[in-house]
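Okay, so here's the structure we're looking at.
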Amino acid sequence: MLVPAMPNDSHSWANFISQIQSANNTAELDSIEHAVFGRKNGAMTLAMQALKNLKDEKRKSQAKELNTQKVTISTALEERRSELVRPSEDVLVTQDALDVTLNLPHTKSGHLHLVHEFIAQVEEVFGRMGFDVHYGPEIETEDLNFTQLNIPEDHPARDTQDTFWIKEKGKEKHVLRTHTSPVQIRYMRSHTPPFSAIFPGKVYRKDADATHSPMFHQFEGLMIGKDISVANLKAVLITGLRELIGRDVEFRFRTGFFPFTEPSLEMDMMWQGDLEDSREGKWLEMGGCGMVHPNVLRNCNIDPEQWQGFAFGFGIERPLMIKHQIPDLRAFFQGDLRFLEQF
Ligand code: DAH
């Protein structure tokens with residue numbers, strides 16, 4: 001290595017720079033640094049010490065020159081050191097590479113639960129037909145769950161056998177809502193007709209076996225306007241349910257009874273898919289519907305002479321069980337990933 005004993009012009013300092021730039025490792029850099037800045041015999045150290053022997057003007061200009069060289073050499077050392085310490089691209093590629101195409105075991109993405117996926121579809125399909133979406137509370141007053149819906153005092157649904165009651169002394173009686181119908185009342189009281197809306201959500205009944213769960217889901221629909229008839233009801237329901245369940249599904253309407261509709265209808269569907277043999281070709285009950293009872297409209301300060309409309313209410317798990325051939329309703333709520341990941 002070429003190290004001038006005591007450089008005193010810029011040419012010699014330039015020698016250090018070129019040595020620094022061509023150093024192959026940090027040990028070489030260390031020895032150059034020592035040759036320049038070493039405390040005892042470093043070229044820069046000696047040159048600084050020699051300043052005191054110079055006369056004023058010369059001393060000043062030499063000091064300035066040395067300082068410039070000091071900065072230049074220090075910078076060159078730093079730069080070359082960081083170049084030597086930084087791993088080369090080859091090393092990075094072979095040793096430190098992150099394979100972003102690797103399928104790691106924990107990167108599986110999830111999806112909506114079957115029930116919520118269906119609710120999202122209901123909201124989307126009826127939304128396209130102009131229906132608003134509204135949610136009510138799951139803890140509901142006895143008044144809204146039953147009385148305002150024209151359900152008589154002695155109706156079996158009011159029995160403790162069928163309904164979860166929440167009783168607190170001195171407070172209005174509450175229930176875990178047994179259906180989504182009370183949301184009709186809430187919606188009609190807070191909106192001015194004409195309107196149409198759907199109300200999806202959880203409902204609760206004292207029932208538990210393979211086809212009944214104490215908690216399940218329903219979606220309710222409501223349309224109120226000036227000239228709404230059963231024909232509109234049928235058109236909206238058939239269009240919506242075909243979109244949700246299948247284009248070639250057949251439906252039929254039967255007369256039924258619900259205290260909050262007059263007339264009341266039941267809607268059945270004929271499922272042609274791969275059902276168990278015993279059910280193949282059978283009519284399956286889907287839900288209830290009808291023209292909103294004048295008493296219910298009056299309970300919401302809507303004049304039945306001016307406004308009329310229809311309502312409907314459907315279970316959500318039932319069509320899913322048929323569509324996916326799920327024999328036990330409880331599978332929906334057990335949270336078993338082996339079940340959920342199939343869909
Ligand atoms: N609430 C009824 C039930 O849970 C279903 C129902 C029937 C809702 C007729 C309606 C309707 O809106 O018009 O059994």
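Note that the coordinates shown come from a computational prediction; the quantities given were computed from them, not determined experimentally. Numbering of ligands and ligand atoms starts at 1, following listing order.
Judged by distance alone, the side chain of Asn145 and the main-chain N or O of Pro182 form no donor-acceptor pair under 3.5 Å.
Heavy-atom distances between Phe260 and ligand 1 reach below 4.0 Å in at least one pair. Under a 4.0 Å heavy-atom criterion, Arg205 is in contact with ligand 1.
Here is the list of ligand 1 atoms found below 4.0 Å of a heavy atom in Ser181: 1 (N), 8 (C). Of all the atoms in ligand 1, the ones that sit under 4.0 Å from a non-hydrogen atom of Gly288 are 7 (C), 9 (C), 11 (C). Here is the list of ligand 1 atoms found below 4.0 Å of a heavy atom in Ala311: 12 (O), 13 (O). Within ligand 1, counting atoms from 1 as listed, the ones closer than 4.0 Å to a heavy atom of Gln184 are 12 (O). Residue Gln218 has at least one heavy-atom neighbour below 4.0 Å for each of these atoms of ligand 1: 3 (C), 4 (O). Proximity to Gly313 (heavy-atom distance under 4.0 Å) selects the following atoms of ligand 1: 6 (C), 8 (C), 10 (C), 12 (O). Ligand-side atoms of ligand 1 in range of Phe258: 7 (C), 9 (C), range being under 4.0 angstrom from any heavy atom. Close contacts of ligand 1 with Thr261, meaning ligand atoms under 4.0 Å from a residue heavy atom, involve 13 (O).
Defined by atom type and a distance below 3.5 Å, a donor-acceptor pair is missing between the side-chain atoms of Lys206 and Gln161. Of the N and O atoms on the side chains of His217 and Glu317, at least one donor lies less than 3.5 Å from an acceptor on the other residue. No side-chain N or O of Thr75 forms a donor-acceptor pair with one of Arg80 less than 3.5 Å apart.
At most 12 non-hydrogen atoms from other residues, nucleotides or ligands lie less than 6.0 angstrom from CD1 of Ile139.
For Phe251 and Phe253, the gap between ring centers reaches or exceeds 6.0 Å. Aromatic rings of Phe195 and Tyr187 (six-membered ring for Trp) have centroids within the 6.0 Å cut-off, being under it.
If you run ring pair (Phe, Tyr, Trp, His ring centres under 6.0 Å) between Phe312 and each of Phe199, Phe126, Phe258, only Phe126 comes through.
Of the polar atoms of Glu220, at least one N or O is found under 3.5 Å from an N or O of ligand 1, judged by distance alone.
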